[in-house]
There are 2 protein chains.
Amino acid sequence: MPLKVRKNQSPDPPQPCMLTHCMAVISGAWAANVIWSLRAGPRRFNELRADIPPISAKVLSTRLSELEQRGVLSRNVQPTSPPSVEYMLTDLGGELVPALEAIVEVGHRLKMRDGG
Amino acid sequence: MPLKVRKNQSPDPPQPCMLTHCMAVISGAWAANVIWSLRAGPRRFNELRADIPPISAKVLSTRLSELEQRGVLSRNVQPTSPPSVEYMLTDLGGELVPALEAIVEVGHRLKMRDGG
DNA sequence: TAACCAGGTTTCCTTTTGGTAACTCGATAA
DNA sequence: TTATCGAGTTACCAAAAGGAAACCTGGTTA
């Protein structure tokens, strides 16, 4: 007879929806790094490029508008000349920081395990 | 004069390396969901497919071998007939669970914000 | 002896992604 | 009047990733 699919303690909805939803926010290339860079305060476009060396202007720009649109960060144009633009985490974005810290924690152990 | 790139409190190495490293583990399609499904105990291949309906056999299979190779989960063949295969989190994999819980937390608020 | 089971793998195709490099804009400095 | 700056955008391209569906294996059951 076919094996039974055992009940799992964790019902699929609603948790994994949230998981999927939030993973979508931090999954794009460099998205987590952008948030990480902003956790210590506001940064300008070119500062972020310097923080995250391999990122291209195109991808950074894409990522910033996605994150802004999702309410994770805010974009503030300073009326200087030339205008400079500062990005900073919103309250919501700030809530991602502990999650990323937990991820960094695990990063350490993964590193120890397969890289010395 | 050109704007200065301000020092950020967070040095780029070594933290974002860890972040990038660990994000790579949980970034593949459905990787986080697989870990989430396993957090309550071992599951078989077809159980995982049932837990995560839109996942294809190919992607699940790919994801499982990546996660095994990275030491996040273990694969145990039961000598039954036909043999059944159980996957479960390793200790290392278990350490990802709090990180995912933090992410789910934020998922809730993101949902409230842009979806009601 | 034909069909079914678990647990995959293979093939093929489409979509998504990210990278490079060149270009834009309005304002200011040389 | 030409170059420079910050902050992007655009066009183009290559690679990677994911989905669908068919196939495989060895043992079992109808």
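Numbers restart at 1 for each chain; the letters A, B, ... are given by sequence-line order, proteins then strands.
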If I take atom [atom1] in residue [X] and atom [atom2] in nucleotide [N], what distance separates them, rounded to the nearest angstrom?
X: B/Ile55; N: D/dA17; atom1: CD1; atom2: P; answer: 15 Å
X: B/Phe45; N: C/dG8; atom1: CZ; atom2: P; answer: 6 Å
X: A/Arg49; N: D/dT9; atom1: CZ; atom2: C1'; answer: 13 Å
X: B/Asp51; N: C/dG7; atom1: CG; atom2: C1'; answer: 16 Å
X: A/Leu3; N: C/dG8; atom1: CG; atom2: P; answer: 13 Å
X: A/Glu68; N: D/dA7; atom1: CD; atom2: C1'; answer: 14 Å
X: A/Leu48; N: D/dA7; atom1: CG; atom2: P; answer: 10 Å
X: A/Glu47; N: D/dG8; atom1: CD; atom2: P; answer: 13 Å

Does A/Leu38 reach the side chain of A/Tyr87, with side-chain heavy atoms less than 4.5 Å apart?
->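 They are in contact (side-chain heavy atoms under 4.5 Å apart), so the answer is yes.
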Minimum side-chain heavy-atom gap A/Ile103-B/Ile103 below 4.5 Å =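 A side-chain contact exists here, since the closest heavy-atom pair is under 4.5 Å.
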Please list, one pair per line, the donor and acceptor atoms closer than 3.5 Å that link side chains of residues 89-96 of chain A to other protein atoms, with sequence neighbours excluded.
residue : atom : partner  : partner atom : Å
A/Thr90 : OG1  : A/Gly71  : O            : 2.6
A/Thr90 : OG1  : A/Val72  : O            : 3.0
A/Thr90 : OG1  : A/Leu92  : N            : 3.4
A/Thr90 : OG1  : A/Gly93  : N            : 3.0
A/Glu95 : OE1  : B/Arg109 : NE           : 3.1
A/Glu95 : OE1  : B/Arg109 : NH1          : 3.1
A/Glu95 : OE2  : B/Arg109 : NH1          : 3.4

Could you work out which one of D/dG18, D/dT9, C/dC5 sits closest to the side chain of A/Ala57?
->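 Per side-chain heavy atoms of A/Ala57, the pick is D/dT9.
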Closest to the A/Val85 side chain: D/dG26, D/dG8, D/dG19?
->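 Output: D/dG8.
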Which residue lies more 5' along DNA chain C, comparing A/Gly28 with B/Arg44 via nearest heavy atoms =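 On the 5' side of the pair lies B/Arg44.
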Quick one: label B/Arg75 by what it contacts on the DNA or RNA (base, sugar-phosphate, nothing), any heavy atom closer than 4.0 Å.
->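 Counting heavy atoms under 4.0 Å across all strands, the contact made by B/Arg75 is with sugar-phosphate only.
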For B/Ser84, which contact category applies under a 4.0 Å heavy-atom criterion: base, sugar-phosphate, or nothing?
->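 If one applies the 4.0 Å heavy-atom cut-off, B/Ser84 turns out to touch the sugar-phosphate alone, with no base involved.
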Under 4.0 angstrom between A/Trp30 side-chain N/O and C/dG19 OP1 or OP2 |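 Result: yes.
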If only side-chain N and O atoms of B/Tyr87 are considered, is one of them under 4.0 Å from the OP1 or OP2 phosphate oxygen of C/dA6?
->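 No, outside the criterion.
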Under 3.5 Å donor-acceptor pair, B/Lys58 side-chain atoms to D/dG18 base atoms |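 Per atom types, the contact qualifies.
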Residues touching DNA chain D, which here means a heavy atom under 4.0 Å, drawn from residues 59-67 of chain B =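 Correct list: B/Val59, B/Arg63.
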Atom of [X], atom of [Y] and distance for their closest heavy-atom approach:
X: B/Leu67; Y: B/Ala31; answer: CD1-O, 4.3 Å
X: A/Arg39; Y: A/Val97; answer: CB-CG2, 3.8 Å
X: B/Ala29; Y: B/Val59; answer: O-CG1, 4.0 Å

Going through the checks in order, is the side chain to side chain contact (heavy atoms under 4.5 Å, CB included) test met by B/Leu73 and B/Leu64?
-> CA-CA 8 Å; B/Leu73 54 81; B/Leu64 287 170; 4.0 Å; yes
